[in-house]
Each structure stands twice: as structure tokens, then as C-alpha cells.
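Worksheet: the structure to be examined is printed underneath.
In listed order, ligands and their atoms are each counted from 1. Keep in mind it's a predicted model, so treat the numbers as computed, not measured.
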Amino acid sequence: MCATCHTLFTPYLDNQGQIAGEFPEQTPYLEWKSSIYPALNTQCQDCHMPMITDSVDIASIAQSHQVYRTPFWKHAFVGGNVYMLNMLKDNIQTLGLTASSENFDSTIARAKENLTEKEFDLFITSAYENDSLNVFVKIENKTGHKIPSGIPFRRMWVHLKVTDRNRNVIFESGDWDEQGEIIDLDAEFEPH
Ligand code: HEC
Ligand code: HEC
């Protein structure tokens with residue numbers, strides 16, 4: 001059901017304005033299908049639709065035919081796009097939106113929770129060897145697809161900073177400038 005909309009191949013144009021091919025714009029379903037989750041019977045809905053056990057009237061029509069169901073999976077689809085939610089929240093009037101700023105606040109909080117607690121686990125250990133510091137970084141994906149997934153302009157990289165005991169930075173990799181560009185980008189190791 002989710003795949004019908006969330007599988008999207010978009011044509012792109014060359015300099016002459018001719019269609020030159022297609023690129024995979026959104027493929028969370030194909031990623032999920034290739035993952036361990038179908039075998040575990042973990043569906044998109046299990047992660048993306050919060051379950052409540054209240055008795056919920058599932059139809060707003062036909063008063064005499066009220067159907068109460070429990071459990072109920074809320075239709076609140078939150079990903080990781082905090083940036084867009086903030087833009088919408090700051091322009092409610094101009095865009096004529098029907099959601100209130102409180103609605104946006106709760107959705108922003110859930111998106112942040114996705115990005116900080118539900119997206120991945122990070123394991124870092126370090127060890128000295130002669131005069132070198134070796135840092136081992138392990139990232140465990142906790143989503144049901146790739147990270148990042150969904151809209152293709154999202155990017156993920158490791159920002160590593162080593163400080164001495166006075167908090168002076170003695171090594172840094174992955175910092176970014178005012179334009180949002182990664183400083184000393186190494187295309188070989190940090191491809192988009
Ligand atoms: C009829 C088309 C359609 C279907 C079916 C659909 N989606 Fe979506 N979905 C969208 C569109 C369009 C957006 C982006 C617009 C928005 O966020 O309001 C979106 C947004 C989302 C987001 C939020 C992305 C973000 O950036 O925060 C998630 C998560 C999501 N969908 C998951 C699902 C899941 C899981 C299912 C299946 C149960 C599903 N969608 C079914 C069209 C669809
Ligand atoms: C095991 C839990 C899990 C499953 C299963 C899962 N997702 Fe997600 N998904 C997440 C989490 C957590 C995020 C937010 C982290 C992120 O976007 O990087 C996310 C993010 C997304 C986004 C938003 C990306 C964006 O641009 O903000 C979309 C769209 C999405 N999922 C769709 C799906 C679809 C469709 C399926 C099923 C084919 C699915 N997810 C299955 C956990 C899951």
C-alpha cells in the first residue's frame with residue numbers, strides 16, 4: 001500500500017531540456033523489501049503509525065452505524081523532515097494552512113525523536129597505538145530501510161572531533177561551513 005506512492009522514479013533533463021534518464025527519487029519500499037524486515041513481518045505501519053488502544057469510531061458518517069475499533073493505528077506519518085515542518089510552521093498564514101502551530105510542535109517533536117532515538121545506534125570506541133589514536137565507529141541502522149531514505153537531498157556523514165583536555169580542537173573531520181558544505185570534502189570517502 002505504501003509502495004504505490006513511495007516508489008518514485010523521476011525523469012531528469014540534460015542541458016538541451018531533453019529527458020536523459022530516470023533516477024530513483026524515493027525507494028523506501030524497495031529498500032524495505034530487500035531488508036530483513038519482510039521476513040520478520042515488520043511492516044511500514046508498525047513503525048510509522050502509532051498504535052493506541054482507545055476505542056475509536058472509525059467512520060464519521062452514518063451516526064447509526066458507528067463502528068468502534070481497538071487497537072487503532074493513528075494516521076500520523078512522521079519521517080525526519082524537521083526542516084520543512086519548521087518552514088511550514090513559520091508560514092501558516094501565508095500558506096493558508098489549517099494546522100495550528102501546536103500541531104506542528106507535536107509533529108516536529110516526533111520527527112526529532114525519529115532522528116535521535118529511532119534512526120540508528122552509534123557505537124564509538126578508541127584506542128592508542130604507538131602515537132596514533134584509532135577511532136572505531138559503528139552505525140546500526142534501526143529503520144526499516146536505508147538511512148537516509150525518502151527524499152533524495154538528505155545526506156548523512158560522520159562528524160568527528162578530537163579535543164585535548166583544555167577542549168582545544170586538535171583534529172576535526174566532517175565540520176561544515178556557512179553554505180552547508182563539508183569542509184575538506186573528500187569525494188572518495190564522502191560521496192553524496
Ligand atoms: C496516496 C499517496 C501516498 C500513500 C499511499 C502513502 N504516502 Fe506517505 N506520503 C505521501 C506524500 C505526498 C507525502 C509528503 C507530503 C506530506 O508530508 O504531507 C508523504 C509523507 C510520508 C512520510 C513523512 C515523510 C517526511 O519527510 O517526514 C512518511 C513517514 C510516510 N509518508 C510514510 C508512509 C507509509 C508508512 C505509508 C503506508 C502505510 C504511506 N506513507 C502511504 C504520499 C503517500
Ligand atoms: C523498523 C522501523 C521502520 C520500518 C519497518 C519502516 N520505517 Fe520508514 N522510517 C523509520 C524511521 C525511524 C524513520 C526516520 C529516520 C529517517 O528518516 O532517517 C523513517 C523514515 C521514513 C521516511 C521519511 C524520509 C524523509 O525524507 O524524511 C519515509 C518516506 C519512510 N520512512 C517510509 C517507509 C515505508 C514506505 C516503509 C515500508 C516499506 C517504511 N518506512 C518502513 C522507521 C521505519
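Between the side chains of Ser149 and Glu31, at least one donor-acceptor pair of N or O atoms lies under 3.5 Å. A donor atom on one side chain and an acceptor atom on the other are not found under 3.5 Å apart for Gln93 and Asn91.
Of the polar atoms of Thr143, none of the N or O atoms is found under 3.5 Å from an N or O of ligand 2, judged by distance alone. Not one N or O of Asn114 is nearer than 3.5 Å to an N or O of ligand 2, by distance alone. For ligand 2, the polar-atom distance check finds an N/O of Arg154 within less than 3.5 Å of one of the ligand's N/O atoms. Looking at Pro28 next to ligand 2, no N or O pair under 3.5 Å apart turns up. Not one N or O of Cys5 is nearer than 3.5 Å to an N or O of ligand 1, by distance alone.
Regarding atom 8 (Fe) of ligand 1, its nearest protein heavy-atom neighbour is His6 NE2, 2.0 Å. In this structure, atom 1 (C) of ligand 2 lies nearest to the protein heavy atom Cys47 SG, 2.8 Å. Scanning all protein heavy atoms for the shortest distance to atom 39 (C) of ligand 2 gives His145 CD2, 3.3 Å. Remark: minimum distance from atom 38 (C) of ligand 1 to any protein heavy atom is reached at Cys2 SG, 2.7 Å. For atom 22 (C) of ligand 1, the closest heavy atom belonging to the protein is Phe77 O, 3.8 Å. Counting only heavy atoms of the protein, atom 26 (O) of ligand 2 lies nearest to Ile151 CG1, 3.1 Å.
Ligand 2 has no atom lying under 4.0 Å from any heavy atom of Met156. Ligand 1 has Gly80 within reach: a non-hydrogen atom of the residue lies less than 4.0 Å from it.
Taking the ring centre of Phe120 as origin, the terminal cationic atom of Lys142 falls outside the region bounded by 6.0 Å and 45° from the ring axis.
Heavy atoms of His48 found under 4.0 angstrom from ligand 2 belong exclusively to the side chain. Proximity of Ala3 to ligand 2, defined as any heavy-atom pair under 4.0 Å, is not found for any part of the residue. The backbone and the side chain of Lys118 each have at least one atom closer than 4.0 Å to an atom of ligand 2 (non-hydrogen atoms only).
Atoms of ligand 1 lying under 4.0 Å from any heavy atom of Val78, numbered from 1 in the order shown and given with element: 29 (C). Per-residue contacts place Met1 under 4.0 angstrom from the following atoms of ligand 1 (heavy atoms of the residue considered): 5 (C), 38 (C).
Proximity of a side-chain donor or acceptor of Asn130 to a complementary backbone N or O of Ser132 within less than 3.5 Å is not detected. Although no hydrogens or angles enter the test, the distance criterion places a donor-acceptor pair under 3.5 Å between the side chain of Asn114 and the main chain of Gly79.
Taking the six-membered ring where tryptophan is involved, the planes of Phe23 and Tyr12 are tilted, since the angle between them lies from 30° to 60°.
Contact annotation for atom 28 (C) of ligand 2: protein absent (non-hydrogen atoms, distance under 4.0 Å).
Interatomic distance, Cys44 SG to Tyr37 OH, rounded to the nearest 0.5 Å: 12.0 Å.
A salt bridge does not link Asp121 to Lys138: none of the charged side-chain nitrogens sits closer than 4.0 Å to a carboxylate oxygen.
With a 6.0 Å radius and a threshold of 12 heavy atoms from other residues, nucleotides or ligands, Tyr83 has its OH atom at or below the threshold.
Heavy-atom minimum distance, Arg110 versus Pro50: NH2-CG, 3.3 Å.
Using a 4.5 Å cut-off on side-chain heavy atoms (C-beta onward), Arg155 and Ile182 make contact. Thr4 is not listed as a side-chain neighbour of Tyr29, based on a closest heavy-atom distance of 4.5 Å or more.
Residue Cys44 does not count as close to atom 8 (Fe) of ligand 2, with no N, O or S atom under 2.8 Å.
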